[in-house]
Amino acid sequence: MSAGGGKQLISVLPDELKFLFELEKQSFCDLKVVNNTEHHVAFKVKTTSPKKYFVRPNTGVIQAWDSCVIRVTLQAQREYPPDMQCKDKFLLQSTTVPPNTDVDDLPQDTFTKESGRVLEECKLRVVYVASGAQGNSEDEAMRSSMHSLDTNSAFQRLKEERDASVRQTQQLQQELDTLKRRRFRKGDPGFSFTFAIFVGLIGLMVGFLLKLSLSSPTTE
């Protein structure tokens with residue numbers, strides 16, 4: 001957006017220069033400059049870091065109610081700035097000029113205060129965006145989703161194992177009760193010392209399975 005008050009000679013979109021930052025690769029940002037008057041308006045683009053950026057056109061004349069697109073190219077960089085923060089600034093100066101003025105006809109002092117012209121200035125800040133920011137966000141979301149699925153699957157598996165242990169424990173308990181009834185039945189010829197040991201082993205297995213089922217986590 002243009003700086004200052006009242007009706008502006010030009011408007012600039014967007015209001016900041018945003019570059020997709022990737023090492024050893026160029027990046028560009030386009031600015032649309034619109035002449036909001038019935039006069040011819042000359043403009044000039046300046047930056048605090050001229051060696052880092054390539055601006056075309058950096059000077060021009062826009063006819064009445066017309067517009068112009070300026071491409072600002074960030075040269076390939078060899079290292080990342082601290083915390084991806086950029087302190088570079090751009091300044092777009094504009095002033096009215098006589099009709100049919102060509103950019104090559106502009107006096108050298110057109111954009112200086114000494115020329116006596118009324119200059120308008122629009123300041124633009126620079127923003128760097130990490131090239132992998134969006135991809136990393138999607139990867140994190142995918143990993144989070146997969147972790148949630150894995151956790152649910154683990155709980156479901158433990159629940160199924162617990163239920164199976166409970167069913168097996170109940171079945172063994174029923175068999176143990178049946179054997180106990182046979183043990184005390186009068187005249188049962190099948191009871192022996194070996195039979196008593198077998199009953200004891202079943203009791204130990206029942207106790208172990210009950211302990212396992214009670215210690216398993218639940219999803220509820």
Side-chain angles (χ1 to χ4, degrees), residues 1-140:
M1 297 176 63
S2 300
K7 183 177 181 180
Q8 304 299 309
L9 295 178
I10 62 173
S11 57
V12 183
L13 295 173
D15 58 359
E16 64 184 11
L17 289 154
K18 185 175 293 185
F19 296 95
L20 188 65
F21 193 97
E22 188 172 356
L23 290 182
E24 303 295 341
K25 289 188 178 181
Q26 290 185 342
S27 180
F28 68 88
C29 177
D30 287 342
L31 294 174
K32 184 176 182 180
V33 183
V34 180
N35 182 353
N36 298 318
T37 73
E38 58 186 7
H39 307 288
H40 282 57
V41 174
F43 69 86
K44 184 177 182 65
V45 181
K46 298 180 180 179
T47 178
T48 56
S49 302
K51 293 183 179 180
K52 289 174 60 176
Y53 302 94
F54 185 76
V55 184
R56 285 295 180 272
N58 65 344
T59 306
V61 177
I62 308 176
Q63 296 182 11
W65 314 113
D66 202 355
S67 63
C68 173
V69 174
I70 302 173
R71 171 156 294 190
V72 182
T73 303
L74 170 65
Q75 303 298 329
Q77 302 296 302
R78 296 183 178 180
E79 59 183 13
Y80 289 100
D83 299 325
M84 287 297 291
Q85 299 298 314
C86 181
K87 296 182 180 180
D88 300 336
K89 305 291 186 204
F90 277 79
L91 178 67
L92 193 150
Q93 296 177 309
S94 59
T95 185
T96 58
V97 293
N100 302 319
T101 300
D102 188 78
V103 65
D104 296 329
D105 300 330
L106 294 175
Q108 293 184 354
D109 64 347
T110 299
F111 301 98
T112 63
K113 294 181 180 180
E114 289 76 9
S115 66
R117 298 175 181 273
V118 177
L119 293 178
E120 286 189 359
E121 295 183 341
C122 176
K123 296 180 180 180
L124 303 168
R125 72 187 188 103
V126 177
V127 177
Y128 290 158
V129 179
S131 60
Q134 183 175 0
N136 290 338
S137 177
E138 293 175 353
D139 291 342
E140 290 177 1

| query | Considering the options D30, L31, V127, which one meets the side-chain contact (heavy atoms from CB on, under 4.5 Å) requirement together with P14? | reply | L31
| query | Passes side-chain contact (heavy atoms from CB on, under 4.5 Å), N58 versus R56? Steps please. | reply | CA-CA 5 Å; N58 65 344; R56 285 295 180 272; 4.2 Å; yes
| Looking only at heavy atoms, what is the nearest atom pair of L124 and D15, with distance? | CD2-O, 3.4 Å
| request: Output the distance between atom CZ (R125) and atom CG (D88), rounded to the nearest 0.5 Å. | output: 12.0 Å
| request: Consider only side-chain N and O atoms of E120 and Q93, and report whether a donor and an acceptor are under 3.5 Å apart. | output: no
| note | In terms of heavy-atom contacts, C29 and E16 come closest through SG-O, 4.5 Å
| said: Let me confirm one number: the NZ-OG1 distance from K87 to T48, rounded to the nearest 0.5 Å. | reply: 11.0 Å
| message | Quick check: closest heavy atoms across I62 and N35, and the distance to 0.1 Å? | response | O-ND2, 3.1 Å
| query | Any side-chain heavy atom of V41 within less than 4.5 Å of one from V33? | reply | no
| task | Report yes or no: does T37 contribute a side-chain atom to a donor-acceptor pair with the main-chain N or O of L9 at less than 3.5 Å? | result | no
| Roughly how far apart are K52 NZ and T73 OG1, rounded to 0.5 Å? | 13.5 Å
| field | Exercise: identify the closest heavy-atom pair between L20 and A130 | value | CD1-O, 4.0 Å
| With a cut-off of 6.0 Å (strictly less than), are more than 12 heavy atoms of other residues, nucleotides or ligands near CD of E24? | yes
| remark: Heavy atoms of V97 and A42 approach each other most closely as CG1-CB, 3.7 Å
| message | Is the ring pair F21/Y128 parallel, tilted or perpendicular, if the boundaries are 30 and 60 degrees? | response | tilted
| message | Can you tell me how far apart NZ (K44) and OG1 (T112) are? Round to the nearest 0.5 Å. | response | 11.0 Å
| Under 3.5 Å, is there a donor-acceptor pair between the side chain of D102 and the main chain of D104? | yes
| request: Might you confirm whether atom CD of Q77 has over 12 heavy atoms from other residues, nucleotides or ligands at distances under 6.0 Å? | output: yes
| Derivation and outcome, side-chain contact (heavy atoms from CB on, under 4.5 Å), residues F43 and T59 | CA-CA 6 Å; F43 69 86; T59 306; 5.7 Å; no
| Taking all atoms of both residues into account, what is the closest heavy-atom pair of S11 and N36, and its distance? | N-ND2, 3.3 Å
| message | Nearest 0.5 Å, please: how far is NE2 in H40 from CG in D66? | response | 9.0 Å
| request: Output the distance between atom CG (L91) and atom CG (L119), rounded to the nearest 0.5 Å. | output: 9.5 Å
| field | Side-chain touch V126/T47, heavy atoms, less than 4.5 angstrom | value | no
